[in-house]
Structures are given as structure tokens and as C-alpha cells.
Amino acid sequence: MKVLYFHGGPGFNSHPENNLLGHKCRELGLDLRLWNEPSALRPKGHQFKSHNAFQNYLDSAEQFLFANYYGEPVVLMGHSFGVHPVSYLVQKHPDKLAKVVLLAPAFSPADVDRNIFTFTMMDFKEHKDECHEKLQEVLKNYTGKFDANTEIGFGLAAQNPRMFSYYWWNKERMGAFLPFYAEPGYGMDIESFISVRRSFFERTLKNSQVPAVAIFGKHDMVISQDKELDQLRKRFSSLEVHMLEESGHYPHIEETGKVLGILGTTLLDLDRDRAALHVRVSRQELQSTNL
């Protein structure tokens, strides 16, 4: 069974996960396929469009599903902001999906913004950097929208060289992950980040019958877990939740073995369900023939 992975962001890509997870999944017999969002940094991929960038982002995710669907339901796995294309595909193509796995889900960008601005501001203050006062003003005026004030906030946060360290609990794994963004074509795409966030819109997904697994890192400072759980319960009728003890915002990198174990169990359960369904259908067909 295929597992289609949608990275966090926007403005990022799946290059680190391809290098750090790809071979481990193959060793376990998992068919992991990794999506990269549209980016002018990768002209051979899905064309980047600054106008209606978020819809173009979703369209790219849909094309990725079509390219990897051959009649058998697939598993979708989304990290952080990557849960938005997953949710979009759940809403549009539930018949093509067996299950979804959501890693550190970020359904509420406004809460993520506040959290990032807050821990970055406090870090500036600790290091006696005057940017903390500017970020404090951004937080005071924050509306929950990606407006000019929010853009100023991210401009300030990006000046903090320690910002991304707050995404991680396991700094050793952070050190293994981040260098892959330095390779040509896979750097942080600021234009994509801004364009996608400016054109972002909420999609309403309620009580989906596609079963979901959510995996959180106990030390995640980026998302607000209680609020994310509320969002998840509204979106999915069947929800299984795991909390990993030694992870921040990247549980699949910080505790790879545990996440792959959960994924492996999920796929075994799906295989058993499909086998049981096949037996029931075969018996029904046999009974029908005997009649």
C-alpha cells in the first residue's frame, strides 16, 4: 500500500524526509511517495503561481494523488501545514483513501503564528535584542490574518538565528535534518511562503468517515495541541491519537522508529480489514451462486 507524504510549510519541501526516511521505509516494505509543493526553485515540478497560490498548492497535491493512485486506496500522511492538502483530498476523494496520518497537525495557522512570535520574542528578550519589543507590538496588533502586521512579525522572527531550534526537542536530529535545505533547489522558498499564506482559505471538513491517526510531540511549541485536537475531532469521526514523549514539532524525525511502528501497525490493520472484507464478499458470492 502506498503512503503519500505531504511536508510542512509552506515554503518547505520533502527533501530532508526523502533522505532520512526513504530508505528506512523501504527496509520495512513501505511504499513512501513524497510530495514537494510548487516552487520557482524547482522549475521541473508543478508550476508555481503567485496568484491564488494556495489553490495552486492544493491542485498540485491533487495531481500528486492522481499520479500515485492505481485503483487501490492509499494512505495520506501530512506534517504540520501539510495537513491542509491532506484535508482537501479527504474532502474531494475519500473513495481513494484508506487512512490518513497527521503529524504535529497545524490546522490553525493563527495559533501557530502566535506561538512562533511568542517564543521568538521571548528569545530576543533573553538575549537582550531590541527586536523583542517590535515582536511584542506585532503580537499586540495580531488579528489572526496574514496581513501586513503578520508579515512584519515573520520578518522579525526570521532574524532570530535560534528560531528553528524551538521546533525541536532532539537537537541532534535537528542537526541531521536542516542541512538538506542547503542543497540546490531545496532551500526555504520565501515567495511561496508569503504567497500561499496570503491566499490561504479555510476548507470545511466535518465528520469524515476516513479513519485518522494523529501523532503529537509532547514538547511541541509550534502548535496548540488542545486546539488541534478540537479541530481533528470535528473533521474525523474515527480518530486515534498518539503522544510521543521525546519529540517537538518533528515526531517523525525525532522518534522515527516509533512513528514507523505506528504506521506499520496501521497498514497491518488495513490489510487485515481488507482481507476480512474479501472473505465476507467471497462468502456472499458463494451463497448467491448456491441459491
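Any value given below was found using the heavy atoms of this structure, including those in side chains, with hydrogens, waters and symmetry copies removed.
Sorted by first and then second residue, the side-chain hydrogen bond (donor to acceptor under 3.5 Å, both in side chains) pairs with a member in residues 170-188 read His15-Glu183; sequence neighbours excluded. Note on residues 120-152: pairs passing ring pair (Phe, Tyr, Trp, His ring centres under 6.0 Å), not counting sequence neighbours, are Phe146-Phe193. Pairs engaging residues 73-86 under the side-chain hydrogen bond (donor to acceptor under 3.5 Å, both in side chains) rule: Ser80-His249 [sequence neighbours left out].
Aromatic ring centres of Phe54 and Tyr57: separated by under 6.0 Å. Separation of the Phe81 and Phe200 ring centroids falls under the 6.0 Å cut-off.
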- Go through the steps for Asn115 and Val222 under the test side chain to side chain contact (heavy atoms under 4.5 Å, CB included), then give the verdict. CA-CA 6 Å; Asn115 292 340; Val222 177; 5.7 Å; no
- Where do Gln63 and Asp59 land on the side chain to side chain donor-acceptor pair (under 3.5 Å) test, with the steps shown first? CA-CA 6 Å; Gln63 288 185 21; Asp59 292 343; over 6 Å; no
- Message: Using the rule given for side chain to side chain donor-acceptor pair (under 3.5 Å), can you reason through Gln231 versus Ser108, listing the C-alpha separation, both sets of side-chain angles and the distance that settles it, and then say yes or no?
- Response: CA-CA 8 Å; Gln231 296 274 355; Ser108 176; 5.1 Å; no
Can I get a per-line list of side-chain donor-acceptor pairs under 3.5 Å for residues 90-97, giving both atom names and the distance, sequence neighbours left out?
| residue | atom | partner | partner atom | Å |
| --- | --- | --- | --- | --- |
| Gln91 | OE1 | Arg203 | NE | 3.0 |
| Gln91 | OE1 | Arg203 | NH2 | 2.8 |
| Gln91 | NE2 | Thr204 | O | 2.3 |
| Lys92 | NZ | Glu62 | OE2 | 3.0 |
| His93 | NE2 | Glu62 | OE2 | 2.7 |

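Residue-environment remark: NZ (Lys2) exceeds the threshold of 12 foreign heavy atoms within 6.0 Å. Within 6.0 Å of CG in Asn207 there are more than 12 heavy atoms belonging to other residues, nucleotides or ligands.
Nearest heavy atom pair, residue Asp220 against residue Ala104, reads OD2-CB, 3.6 Å. The two residues Phe12 and His7 have their closest heavy-atom pair at O-CE1, 3.0 Å. Minimum heavy-atom separation, Thr120 to Ile116: OG1-O, 2.6 Å.
Ring geometry for Tyr167 against Phe119 counts as perpendicular: the plane angle is over 60°, on a 0 to 90° scale with 30° as the lower cut.
Under the rule for a salt bridge (Lys or Arg N to Asp or Glu O under 4.0 Å), the partners of Asp111 that lie at least two apart in sequence or sit in another chain are Arg114, Lys227. For Arg197, the salt bridge (Lys or Arg N to Asp or Glu O under 4.0 Å) partners are Asp113, not counting sequence neighbours.
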